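I have placed the structure first, in the form of structure tokens, so that the comments after it can refer back to it.
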Amino acid sequence: MLTHKSFMTKASDINPVAAAPALHRSLARDILAGLRARGAVPGEELSRLALARSLGVSRTPVIGAIALLSAMGAVRIDGRRVRLADPDVD
């Protein structure tokens, strides 16, 4: 017999990359590729608005992509600031 607990998943069991919407995953890849191409360095501050404009999307999906990059360890979110942590994360 299946119980309610059988369907519960711990947060640590969820892969943030796999759980993210496809648009967020695609934007995250594009953001990292762009940062690598221009030689961005750890600690560099990133602008959500500038990223959205350069990618031709609104800020909302960029915010989702940044959250994904944070879960991957590529960026650090400090309040309103987003800083590059490790541009070589895959």
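Keep in mind the model is a prediction, meaning the values are calculated, not measured.
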In chain order, what residues pass the side chain to side chain contact (heavy atoms under 4.5 Å, CB included) check against A85, with sequence neighbours excluded?
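By the side chain to side chain contact (heavy atoms under 4.5 Å, CB included) rule, A85 matches R76.
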Residues in side chain to side chain contact (heavy atoms under 4.5 Å, CB included) contact with A40, at least two apart in sequence or another chain:
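Only L35, R38, E44, L84 meet the side chain to side chain contact (heavy atoms under 4.5 Å, CB included) criterion with A40.
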Single-linkage hydrophobic cluster I63~M72, side-chain heavy atoms < 4.5 angstrom
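Each belongs to a different hydrophobic cluster.
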Going by atom type alone, with no hydrogens or angles, which donor-acceptor pairs under 3.5 Å involve a side-chain atom of residues 49-62 and a protein atom two or more places apart or on another chain?
unit_1, atom_1, unit_2, atom_2, d
S54, OG, A50, O, 3.3
S54, OG, L51, O, 2.9

For R81, which residues count as a salt bridge (Lys or Arg N to Asp or Glu O under 4.0 Å) partner, sequence neighbours excluded?
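Per chain and number, R81 pairs via salt bridge (Lys or Arg N to Asp or Glu O under 4.0 Å) with E45.
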Using salt bridge (Lys or Arg N to Asp or Glu O under 4.0 Å) as the criterion, list what pairs up with R48, not counting sequence neighbours.
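R48 satisfies salt bridge (Lys or Arg N to Asp or Glu O under 4.0 Å) with no other residue.
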Measuring from atom [atom1] of [X] to atom [atom2] of [Y], what distance do you get when rounded to the nearest 0.5 angstrom?
| X | Y | atom1 | atom2 | result |
| --- | --- | --- | --- | --- |
| L32 | L69 | CG | CG | 5.0 Å |
| L46 | R83 | CG | CZ | 9.0 Å |
| L27 | L68 | CG | CG | 10.0 Å |

Of all heavy-atom pairs between A65 and I31, which one has the smallest distance, and what is that distance?
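So the minimum-distance heavy-atom pair works out to CB-CD1, 4.1 Å.
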